[in-house]
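Scroll down for the structure; my scribbles are underneath it.
Keep in mind that the numbers below use all heavy atoms, side chains included, and drop hydrogens, waters and symmetry copies. Numbering of residues begins at 1 and proceeds along the displayed sequence. Every number for a ligand or one of its atoms is a count from 1 in the order of the listing.
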Amino acid sequence: MVPGWVRIVSYVFTLGTSLCILSISVLAVFFQSLVVDEQQLILSPLFAMVGAVAVFGILLMEFAHSRALAGYREDRRKLAQYAQGGIGVLIALFLALVHPLLALPSLIAAAISFGGLSLLTKYMRKTPQWDFNAQESIPILSGRDFFGFGLATTYPRLPELAWTLHLASVVTAGLSGMAVSSWLAGQEVLAGNAVGSVALMSLWAAHCLGMRALLKAEAQPEITEQSHSVVPVEQADDEEEESAGLRIRNLSVAIPGGRNLLTNVSLDLPPGSITGVIGETGAGKSLLLQALSDPFGLRGLDVKGRVHVNGSNIWERKSYELAPQSAFLPNQPLILPASGEDNLTCFHKELSGDRGKRYLEKLVFSSQTASDICAVHDASCLPDTQKRCLAFARAFLLSPPIYLMDRPEDGLPEKQIAALLGLIRQEIRLGRSVIMATENRALLEACDKVVVLQEGRVIDFGDAREMRTRRSSGWMRFVGERQLETEDNLDTWIRSHFKRDGDEANRRKMCVVASEMLAFSCQNARAAETEKLSFEFKHFEGYCVLKLQDKDSAVTNAQLDKARKAAEAAETTARLTPLAAVIRESLEVETTVEMDRRVLTAKIETYDPRKTGSFTGVGHAVKKS
Ligand SMILES: Nc1ncnc2c1ncn2[C@@H]1O[C@H](COP(=O)(O)OP(=O)(O)OP(=O)(O)O)[C@@H](O)[C@H]1O
């Protein structure tokens, strides 16, 4: 619902613009009589100035209109067109009062606009914004061209030829206005110097009435936006050769001039594997999948990075591709308003529709249902589950090296999820890979690897079975670069474990310990090398444990004793070495070596905010072991 003030402001500015234009037509009368007829050339500069003021007025009105109603762009346009309809009628009435015949050009223009447009809307076949051909359908239906999908599924706002008709009505009104007024001037009914003015007014009335007719004929909105920029990042000189499988390097997605939605995602996924992507809502799972498949379709966002599959750039896309590099199955299945069979075979019947139908049969458990789905005239009208099955069957028919699935379980009953899993396993045996954002247990259990996203950053990536065991025993893991820049991510990760009201002091203390452990690890890190470190975390009754693992040499007992003494001797505010600071904040610190990795384990006292009420943690005593 448009607020009343928006309507009033819009009508006032539209009227203002029209008055400026009409003032030019009044000026034309005086110009004709004083300068052209009476040859008072001295007045020319004055007319030029007044004309310029009117033109400036038009610009000013339009600018002020857009500024005053910033944020109401669509409403402003519609309200202006609506008001123009009224202004067109008023001009026609005014002309009719001067002489009934002068209203004729406006009437002709209105007939052309309203009549012509309603005929076009009724009888002209509606065509989508883009009538693609068969080859172009594969990038669209494999989820590699969202812009194309949008164009192929939305219809233009106005019927074809609408603007041509508008132009015809305006020109007709201008010419007929001139003809009628000249004839009336010849009959000495109208002053000769009013001819130009009448022609101009008829022209403007026709434009106003035409705009109202266009508003009436309008349908769905156009889509115009695409990603703001996509910047491929070159391979670094010291990076090893491209390997098989999917390689993602420094993939970032950002709002231009704003925050990062995905930050430096780098992953290597082997061929023939299933990778699950998990994380809280808004962590960036869908965004990651779409950025891999079609970065150009991320509306208004900046995308940077490098994504290669089996050595070739996945983002390179041709409009005619028969074998896509990936198939993206978004949460809403990509189905074009075409037959079920065309949607299955991507309009390529020669692409072995039988094979596609077999996939479909396996998903819907009936050859009759599969045939019915294929035979349907407009697959976009199918029930949601059948649309999903159709989209899956099509993806398997295309057999790309990488499948990207966003919550494939949504809208599918358990037995269909099991059937889908069966087909996924077949693809895996053929060396293809699947990446899926999912929360479904059966699908997660089938994963070989799991990526954990948090606020657009990868905080954990590893073997799925190991991760499942660890998580089920309450241990959470964070994996990051062994450098101080990791601190922000680490901080966010630590904070995610202390979300209860009153947990602030726990949170702060844990962040301090984690940060000092990171600094301790980075002390010997070589700047040029990108090494990984990991943290593991678990809550216990009254304390929690934070473990740091990196590839440095083990801490000696002497180093530990020295740090312990420094921690005991120091004032609370004194600056300590990172290890001593960890010891000062912890109940117990120990260091071990596990499978060639140095492990530093800190046990930190925590409180239960439900028991301690509004405990702030300031000056909280820490026991030493
Ligand atoms: N085009 C966009 N412009 C601005 N922000 C966006 C855009 N697309 C996504 N986002 C933001 O990016 C973040 C990640 O979104 P995404 O849809 O990937 O989350 P998700 O992890 O898939 O969540 P869910 O599990 O709820 O689907 C969200 O904060 C979202 O608002």
Side-chain angles (χ1 to χ4, degrees), residues 71 73 143-151 153-154 221-231 246 248 250-267 269 274-305 307 314-315 326-334 384 388 391 402-412 417 434-444 447 449-461 467 471 476 478 488-489 492-493 495-496 499:
R73 185 176 163 165
R144 289 167 58 73
D145 183 1
F146 271 77
F147 186 63
F149 183 79
L151 288 178
T153 48
T154 54
E222 294 170 61
I223 51 158
T224 49
E225 270 190 280
Q226 273 191 283
S227 70
H228 188 256
S229 74
V230 176
V231 183
L246 183 70
I248 307 169
N250 300 90
L251 176 63
S252 296
V253 176
I255 298 172
R259 71 187 173 103
N260 268 16
L261 301 174
L262 283 181
T263 310
N264 279 334
V265 174
S266 294
L267 295 168
L269 308 178
I274 310 179
T275 304
V277 183
I278 59 171
E280 291 183 355
T281 177
K285 305 178 291 287
S286 309
L287 208 58
L288 172 65
L289 296 178
Q290 199 184 340
L292 294 178
S293 168
D294 177 21
F296 307 97
L298 288 172
R299 287 195 185 187
L301 298 178
D302 285 335
V303 184
K304 237 180 9 191
V307 186
I314 199 173
W315 287 347
S326 66
F328 177 35
L329 291 135
N331 195 243
Q332 292 303 317
L334 299 173
D384 202 48
R388 284 174 193 277
I402 303 281
Y403 293 91
L404 304 160
M405 303 184 179
D406 192 4
R407 298 182 63 96
E409 71 271 23
D410 279 2
L412 286 188
I417 295 178
V434 175
I435 307 175
M436 58 169 111
T438 180
E439 283 175 13
N440 181 274
R441 225 174 121 202
L443 293 176
L444 276 174
C447 290
K449 293 197 171 285
V450 172
V451 178
V452 187
L453 282 182
Q454 183 178 296
E455 297 190 6
R457 299 167 199 263
V458 175
I459 58 158
D460 199 358
F461 173 53
M467 203 179 287
R471 285 186 157 238
M476 296 295 156
F478 168 92
D488 280 352
N489 299 358
T492 315
W493 177 70
R495 282 171 184 276
S496 70
K499 286 188 169 166

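Ligand-side atoms of ligand 1 in range of S286: 17 (O), 18 (O), 22 (O), 27 (O), range being under 4.0 angstrom from any heavy atom. Here is the list of ligand 1 atoms found below 4.0 Å of a heavy atom in T281: 23 (O), 24 (P), 25 (O), 26 (O). Set against the non-hydrogen atoms of R259, the atoms of ligand 1 under 4.0 Å away are 29 (O).
If you check which protein heavy atom lies closest to atom 9 (C) of ligand 1, you get L287 CD1, 3.7 Å. If you check which protein heavy atom lies closest to atom 25 (O) of ligand 1, you get K285 NZ, 2.9 Å. Counting only heavy atoms of the protein, atom 3 (N) of ligand 1 lies nearest to L301 CD2, 3.6 Å. Taking atom 23 (O) of ligand 1 as the reference point, the nearest protein heavy-atom neighbour is G282 N, 2.9 Å.
Taking both residues in full, the closest heavy atoms of L288 and V277 are given as CD2-CG1, 4.4 Å, listed atom of the first, atom of the second, then distance. Shown here for N264 and S252, the closest heavy-atom pair between the two residues is N-OG, 3.0 Å. Smallest separation of non-hydrogen atoms from E439 and E409: N-OE2, 3.0 Å. Nearest heavy-atom pair across G143 and D294 is O-CB, 3.8 Å.
Under the 4.0 angstrom criterion for non-hydrogen atoms, G284 is in contact with ligand 1. Using a non-hydrogen distance threshold of 4.0 Å, A283 registers as a contact of ligand 1. Contact annotation: L261 has at least one heavy atom less than 4.0 Å from an atom of ligand 1.
Screening D460, I278, I459, V458 against L453 for a side-chain contact (heavy atoms from CB on, under 4.5 Å) leaves a single residue, V458.
Protein heavy atoms are found inside the 4.0 Å sphere centred on atom 14 (C) of ligand 1.
Side-chain atoms of R457 and N260, non-hydrogen and from C-beta on, never get closer than 4.5 Å to each other. Contact of the R144 side chain with the I314 side chain is registered, since non-hydrogen atoms from C-beta on lie closer than 4.5 Å. Using a 4.5 Å heavy-atom cutoff, the side chains of M436 and I274 are in contact.
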(request) Go through the steps to decide whether K449 and L267 satisfy the test side chain to side chain contact (heavy atoms under 4.5 Å, CB included), and finish with yes or no. (result) CA-CA 11 Å; K449 293 197 171 285; L267 295 168; over 6 Å; no

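Residue contacts with ligand 1, taken as heavy atom pairs separated by less than 4.0 Å, involve R299 solely via the backbone atoms N, CA, C and O.
Residue E439 places no N or O, backbone or side chain, under 3.5 Å from any N or O of ligand 1.
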